[in-house]
Amino acid sequence: MNTYRLTLLAILASLAVIGRIAFSQIPNVQPVTSIIIICGFFLGPLSAVLLAVLTTYLSNLLLGMGFWTIWQIIAWTFIGLISGVLGLVQNKYSFYLLVMFSVISGYLYGFVVSLATFIVSGKFIPYYLAGLPYDTYHAIGNCLFMIILFPVLSIIFERYKKKWLNTKLPTPK
């Protein structure tokens, strides 16, 4: 991993942390999941995992640490791994596929974080069902952030690939 990639990951982490703090008054609406998906798709699973850990740790330093921090790291790492594999498998990507994956990721994130309550209290179903509206907010937020951020960040990743990897990304359909 070169210095330019680490710098790119640091910038993405700061964007995600600032976005998470800026939208903290709206329940479960945050750009973190979409940024991790875009990063994983373009830079691979390892970069997405690093971004997920860094973003979760830094934002929770400001918003509050707890036992849920580990589960947030697990959820966003899992989402980053899937998007990284999706990026490796897909030669020609569809923007709509990434938007759909971001919506599904909102519910996946809520499911994984709800497992933390099961470990602590032994009750999963009531907690998960009570959290479904918030997971829906997360899914809708992911969709909107993906629509807004993907065109901008894809240009940055295109420049990165062209300059540092001498490869061209496929154009979206």
Side-chain angles (χ1 to χ4, degrees), residues 9 11-43 45 47-87 90 93-121 123-154 157 172:
L9 287 175
I11 291 169
L12 289 172
S14 63
L15 177 67
V17 169
I18 290 169
R20 187 169 183 213
I21 292 168
F23 288 95
S24 65
Q25 300 303 315
I26 305 171
N28 277 18
V29 176
Q30 57 198 353
V32 177
T33 308
S34 297
I35 293 171
I36 290 172
I37 290 170
I38 295 168
C39 174
F41 188 80
F42 284 110
L43 297 181
S47 295
V49 168
L50 288 173
L51 180 63
V53 171
L54 189 61
T55 300
T56 307
Y57 180 73
L58 292 174
S59 62
N60 282 0
L61 280 175
L62 299 169
L63 296 174
M65 287 279 188
F67 67 92
W68 58 84
T69 301
I70 295 294
W71 292 95
Q72 289 175 323
I73 289 172
I74 291 169
W76 276 323
T77 297
F78 188 60
I79 290 167
L81 285 172
I82 293 172
S83 66
V85 170
L86 186 65
Q90 289 281 353
Y93 58 88
S94 171
F95 173 68
Y96 301 109
L97 175 69
L98 288 178
V99 171
M100 288 305 299
F101 178 65
S102 70
V103 169
I104 292 167
S105 295
Y107 292 103
L108 178 63
Y109 174 86
F111 178 79
V112 172
V113 172
S114 295
L115 291 174
T117 303
F118 175 70
I119 302 254
V120 172
S121 69
K123 297 194 175 15
F124 173 74
I125 301 287
Y127 183 80
Y128 180 69
L129 291 177
L132 274 178
Y134 296 100
D135 294 343
T136 303
Y137 298 150
H138 192 177
I140 292 169
N142 288 346
C143 178
L144 294 175
F145 282 118
M146 186 63 76
I147 291 169
I148 293 168
L149 294 175
F150 183 81
V152 176
L153 292 179
S154 64
F157 288 119

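Keep in mind that the numbers below use all heavy atoms, side chains included, and drop hydrogens, waters and symmetry copies.
- Residues Ile74 and Leu115 have side chains not in contact (no heavy-atom distance under 4.5 Å, counting atoms from C-beta outward).
- Checked by atom type and distance alone, the side chain of Thr69 pairs as donor or acceptor with a backbone atom of Gly66 at under 3.5 Å.
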- request: Go through the steps to decide whether Tyr107 and Leu132 satisfy the test side chain to side chain contact (heavy atoms under 4.5 Å, CB included), and finish with yes or no.
  value: CA-CA 8 Å; Tyr107 292 103; Leu132 274 178; 4.3 Å; yes
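- Within the 4.5 Å cutoff, no side-chain heavy atoms of Phe41 are placed close to those of Leu153.
- When every heavy atom of Asp135 is checked against every heavy atom of Gly110, the shortest pair comes out as OD1-CA, 3.3 Å.
- Here the closest non-hydrogen pair linking Ala16 and Pro31 is O-CG, 4.5 Å.
- Take Met100 and apply the side-chain contact (heavy atoms from CB on, under 4.5 Å) test, not counting sequence neighbours, and it matches no residue.
- For residues 59-78, the ring-ring contact (aromatic ring centres under 6.0 Å, His included) pairs, not counting sequence neighbours, are Trp76-Tyr109.
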With a cut-off of 3.5 Å and sequence neighbours excluded, list every side-chain donor-acceptor pair involving residues 138-148.
unit_1	atom_1	unit_2	atom_2	d
His138	NE2	Thr33	OG1	2.8
His138	NE2	Asn142	OD1	3.4
Asn142	ND2	Ser102	O	2.9
Asn142	ND2	His138	O	3.4

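- To the nearest 0.5 Å, the span separating CD1 on Ile104 from CD1 on Ile37 amounts to 9.5 Å.
- Applying the side-chain contact (heavy atoms from CB on, under 4.5 Å) test to Tyr134 and every residue at least two apart in sequence or in another chain returns Pro27, Asn28, Tyr137.
- Within the 4.5 Å cutoff, the side chain of Leu9 has heavy atoms near those of the Leu43 side chain.
- For Thr117, the side-chain contact (heavy atoms from CB on, under 4.5 Å) partners at least two apart in sequence or on another chain are Ser121, Tyr127.
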Could you pull out every donor-acceptor pair under 3.5 Å between side chains of residues 17-24 and any protein atom, sequence neighbours left out?
unit_1	atom_1	unit_2	atom_2	d
Arg20	NE	Gln30	OE1	3.1
Arg20	NH1	Ser59	OG	2.6
Arg20	NH1	Asn60	OD1	2.8
Arg20	NH2	Asn60	OD1	3.4
Ser24	OG	Ile21	O	2.9

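- Expressed to the nearest 0.5 Å, how far OG of Ser105 lies from CD1 of Ile82 amounts to 6.5 Å.
- Side-chain contact check for Ile35 versus Leu15: some heavy-atom pair is nearer than 4.5 Å.
- Of all heavy-atom pairs spanning Thr55 and Ala13, the tightest one is OG1-CA, 3.7 Å.
- To the nearest 0.5 Å, the span separating SG on Cys39 from CG on Leu51 amounts to 4.5 Å.
- A 4.5 Å side-chain heavy-atom check between Leu12 and Leu54 finds every atom pair outside the cut-off.
- Closest non-hydrogen pair, Ala48 versus Gly40, comes out as CB-CA, 3.5 Å.
- Shown here for Ser114 and Tyr128, the closest heavy-atom pair between the two residues is OG-CD1, 3.6 Å.
- Relative ring orientation between Phe150 and Phe95 is described as tilted, the plane-to-plane angle lying within the 30° to 60° band.
- Between the CG atom in Leu50 and the OG1 atom in Thr77 there is a gap of 9.0 Å [rounded to 0.5 Å].
- Residues Ser14 and Ile11 come closest through the heavy atom pair OG-O, 2.8 Å.
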